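Owing to the predicted nature of the structure, the values given are computational and were not obtained by experimental measurement.
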Amino acid sequence: MICYLNGRFLPLAEAKVSVLDRGFLFGDGVYEVVPAYSRKPFRLDDHLRRLQDSLDGIRLANPHDDAAWRERILRLVGEQDFEDQSVCIQVTRGAASAPPLRDHPFPRDVAPTVFMFAQPLVTASAAQKAAGVCAVTAVDNRWLRCNIKATALLANVLLRQQAVDAECAETVMLRDGFLTEGAASNIFVVRDGVLLAPPPSNLMLTGITYDVVLELAAAHGIPHAVRPVAEAEVRAADELWMTSSTREILAIVKLDGAPVGAGVPGPLAQRMDALYQTFKQQVMRA
Ligand code: PDD
């Protein structure tokens, strides 16, 4: 598998970064995950804009302009021998080459590390979509800058593991009585025919999929509201969805062991998934 590291395309096994890289020492970096369907990156402009926002958030200069990112990403995607891909982009603050080798403040004159690799994109199967998935809830104990797509994902990793330990797909996070998001996804609630989404803020990452879902809801006249969603509304939801670039739209049918709504994927989840699949096809053909 060919990856990209600091200007070179090379086999993954040959790609090496310094043990002093601040991504390793401090989690001092940001990332993006871009889906590519039939080798066409989906919503790349949006992902590059969010990457810029994340870099701004950690005060790291963007090593490339959008055209240079685009060129590199397209070449990386073209190097793989599979069609549908999940492209990971990692940018860290690099490694100090002179003492102090490990020091919290930003080192001077250090080049960032830019690493990209692609994996086969495996979205939910028809059977998984038909069955839905289960989720657990947990207190959102992350920092207050969750809008930055930071590589420092320890809190998300621990939260997500709680779901895995319960043989579930996702952990739905609640902070101060309100829904924030999933450990690695955004969460939507349907109540009385209205699609509810928490508003973008520093308490969650605004997903590219989240944006697409709200665009599709607006375009197709699906009643929706972007507003704080209380824990009680989550627990009394008719439908609950998780969304992300890799999971797309997936119905959560059981929360903390209790059925969500009728305990099967709801009609709006199925409609939104169909709209999303059609939209993807249109974009990819364009
Ligand atoms: N994560 N919120 C969090 C905390 C996430 O990690 C993700 C996605 C999302 C959804 O964003 P998007 O729709 O742009 O994928 C929301 C990716 C897939 C990951 O970390 O692997």
Nearest non-hydrogen partners of [X] and [Y], listed with the distance:
X: P63; Y: V114; result: CG-CG2, 3.7 Å
X: T180; Y: L174; result: OG1-N, 4.3 Å
X: Y210; Y: T243; result: N-OG1, 4.1 Å
X: A236; Y: R191; result: O-NE, 3.6 Å
X: A169; Y: V133; result: CB-CB, 3.6 Å
X: E181; Y: C146; result: OE2-CB, 4.2 Å

Test item: side-chain donor near acceptor, [X] and [Y], under 3.5 Å:
X: W241; Y: E239; value: yes
X: R235; Y: T137; value: yes
X: Q277; Y: E248; value: yes
X: D21; Y: T92; value: yes
X: E170; Y: S185; value: yes

Exercise. Does NZ or CZ of R75 fall inside the cone over F9's six-membered ring, less than 6.0 Å from its centre and within 45° of the axis?
Worked result: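 That pair qualifies as a cation-pi contact.
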Exercise. Within 45° of the ring axis of F42 and under 6.0 Å from its six-membered ring centre, is that where the NZ or CZ of K280 lies?
Worked result: no
Hey, are [X] and [Y] close enough for a salt bridge, meaning a charged N less than 4.0 Å from a carboxylate O?
X: R43; Y: D211; result: no
X: R227; Y: E233; result: yes
X: D53; Y: R50; result: no
X: R175; Y: E231; result: no
X: K149; Y: E32; result: no
X: E79; Y: R39; result: no

Determine, using the 4.5 Å side-chain heavy-atom cutoff (strictly less than), whether [X] and [Y] are members of one ILVMFWY cluster.
X: L268; Y: V260; result: no
X: M242; Y: M173; result: no
X: V77; Y: I2; result: yes
X: F82; Y: L12; result: yes
X: V30; Y: M116; result: yes

Any side-chain heavy atom of [X] sitting closer than 4.5 Å to one from [Y]?
X: Q85; Y: P35; answer: no
X: L121; Y: T246; answer: yes
X: M272; Y: V213; answer: yes
X: D84; Y: P120; answer: no
X: V253; Y: P265; answer: yes
X: F188; Y: L214; answer: yes
X: L48; Y: I73; answer: yes
X: W69; Y: L51; answer: yes

Within 6.0 angstrom of [X] [atom1], more than 12 heavy atoms from elsewhere:
X: K129; atom1: NZ; value: yes
X: F24; atom1: CZ; value: no
X: D109; atom1: CG; value: no
X: H104; atom1: NE2; value: no
X: N141; atom1: CG; value: yes

Short question: side chain of [X], backbone of [Y] - any donor-acceptor pair under 3.5 Å?
X: T151; Y: Y31; value: no
X: D65; Y: A67; value: yes
X: N186; Y: G207; value: yes
X: R49; Y: L44; value: no

Problem set entry | T278 side, atom OG1; L216 side, atom CG - distance, nearest 0.5 Å |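 Output value for this atom pair is 9.0 Å.
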